[in-house]
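For reference, the structure discussed in these notes is given below.
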Amino acid sequence: MRWFGFGFNAFGQIHAADLTIDDGTPNGIKVITPRELKCHVDGSCCKKTSGLRASWSRRASLHSNGAPSLCLAGFNAARGVDVTGCTDALIGESFLVLAFPDRFESWHMDNDEKTTPVWSMEIKTTSDSAGPSLNLPLIPDGYIAINPPFYLPLSPHLKATRLAVGAEHSVLLSASGAVYTWGLGSHGQLGHGGLSSEEHPRVVEALWGMTMSSVATGGWHTVCVSDGGDLYVWGWNESGQLGLPSRGVRSGQQTQSSQAAADNTLEEEKEKDVFISIQAFPALLDITPSCEVTTVGCGSRHTAAVTTTGDLYTWGWGAISLSFAQVSTVSWDMKHRVQTCRTMWSSSQNNRCVSSMSHVGRGILLPL
Amino acid sequence: MRRQLITARRPGGQHHQSAPQLSRSIARHYLLARLCIRGKTSSSMAPLLWSKISAVLPPDEDHFTLHFSDTVEASVVEMLKRCRRRLYTGAPAAERLLDAQIVLDFSWEKLNTGTWRHVDKEWRRVYSYGCLFKVCALCGEEPSEEDLLQAIRTCDMGLLMGAAIMDDRLQVVVQILQRQVRKNTENNDGREHAEAKRIKLAVPEVPEIREDLKIHRVKCPSLESFNKNYLLPHKAVILEETIDHWPALNQHPWSLEYLRSVGGCRTVPVEVGSRYTDEEWSQTLMTLNAFIDRYILKSRDTSPDGATPIRGYLAQHQLFEQIPELKDDIRLPDYCCLGDGDEDDVTVNAWFGPAGTVSPLHQDPQHNLLAQVVGCKYIRLYSPEDSDKLYPHPSQLLHNTSQVEVENPDSERFPEFSGAPYRECVLRPGDVLFIPVRHWHYVRSLEQSFSVSFWWS
């Protein structure tokens, strides 16, 4: 597998900043065209990367061939944490959670004297599994959070197969293909039709009868893909992250021109167009009429989807729909796995800017 | 108090250090059109502006402290330190703009996470630093008119959403920028005057006030008399001749032209919609110029199909903290010192809007002195003793607001309302209405209006 990244790179998490500014941005702070990722923390690692995790300022490359371990890149990445034997990880801005065959551990990234983890939990191995089912953040009977408390229980009745966590909400996919959401709902991200919060997982009734195959969350929005390849979106749309008309995007485009012109056109637009800032019920999003969506991932304010033809589409903060087919010159493996990680920002004024990664957000690092 | 802002707003009650009194060479200049965007200013002016700004910033990196609690991750602090370093080493403005924007975007998301009340103040401070660095990047090298206005908007965002940093440095900087903008428009001026339109002021429809329902009026009572007859017994009254000395009613009348000149380019929160209990109601930010153009001037025409225009209301905003010139045009009423609270804790709000703005019937947890400066308002008061006839909303968010449309009550849904006793008045310029704590009040402007409210305990 080959991995590519684009977006925020101020901490060298995509590639080490070098003097050749070949991507048109000052001092490599943004990576505009996808660049192949090398695992290069100490320059000597040449193991194959089997998985990727990222936060706003760091990237973790997982190596599962041979002795499992991971390498970190980005802010303060050189300060080592003992990661030999680590099979999977979750990385946040403050904490790094590591999964080992027999336990989980959480380390504080800003703590210079990393001698002991701040939290650890043994994995109860049940008779019908050889080891932990690695579908982080899901673990048997619960899930791992990237901030304390690191372990949160989940009712086994839900039969969760996938789980995604946003800034204020969580989304779960059950074995039957039903979607459950809980947490704060102030931006419509729970999909129940209102803005109120839910303390416990509640099924998204609007999707009843359809089988979903994957779920993903941004900071304040949720997306899911049905087994038929349809994409459903709901939540906040201030940056167009739902792919629906966004007033925020329109007025941002106009900030380029003078204030006076912006005020005038906004007034005219109001009468003609319908803008959606919050979508409280799932909406079907047609990306392209010809093919279906296989996987989807989110940044905190943007979304990306891969279609059956191998195209990547992104929309939301920083990018309007763009097909990457012309950018990539290598062939695409049919089995695409989109890993959700954190990447960065870009200017919402620049429609041509390919690096659409939102700050703080999870972005996309693509395997090939 | 109205419904809590969904978009962030700086909570009231914060003790505010006033900006240092720098010399004001502002000509009293009555602009009728909005500030015109002229493009780049002459290059000889730009270094002068930057020297004024850098004069109010720490002399070097060492004196520019960046200290945050553990809430702010080390990577974010690193980004801030990078901004600081590049400011003092004179890195290119375009790059510094990117760096500042990263800080702003990260912290903005924190400001939008959870409820506003629970947002850690540290993130609001980070946001303010981001604004400061952005302003420095915009104004360092030959700022155009558009750069200046964007810098002012950035300062305002920091003042509205952020928390005070470096002795309220953003407030100091925005005053410098505003002076520059005024100077530029004076130089560019000329044809703005010619665009003055003679706008016909519609004669307002003033409701007839019944003699037996009138709120009492009293001329300039002594502190003792006010305390004894009105404050202690919680009795509403209209005070006359108590604000006649305000510059706002004398040498600096608050005409649209004057307001534009002292604060046209400043960003203010505006409520859009008929009333804050409506589903269609929302809050947005825009410059004072834009607000005047869109909601004060335009609202005088009805839309082509005769439908009611959408109302915009600059309501419940601490405008006087934002624009010191306006603060100088008003005075704190002496009666506020009669309460238990500190004088510094008096919350002063501006209420500026076209005819027809409505504040639905609601109650506040503090006493209110509502001073009318421009235009007239129809006001109705109900006693807290009759709250059971006023059908407050059951929800937590609106529990201080009645469900009843006062001037068009639904007697089927709210049968007891018509039996609730009330007092009413038309508040005119120069009047000050004392609304005792928790007394229900309904307000509708009869014409273009500007009121100043003082909330105190």
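Numbers restart at 1 for each chain; the letters A, B, ... are given by sequence-line order, proteins then strands.
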Stepwise side-chain contact (heavy atoms from CB on, under 4.5 Å) test for A/Arg301 and B/Glu109: CA-CA 9 Å; A/Arg301 287 188 279 153; B/Glu109 294 203 347; 2.7 Å; yes
Heavy-atom check, side chain of B/Met79 versus side chain of A/Trp56, under 4.5 Å: yes
A/Phe11 vs B/Glu78 side-chain heavy atoms within contact, under 4.5 Å: yes
Between B/Val76, B/Thr113, B/Asp70, B/Thr115, the one whose heavy-atom pairs under 4.5 Å with chain A are most numerous: B/Thr113
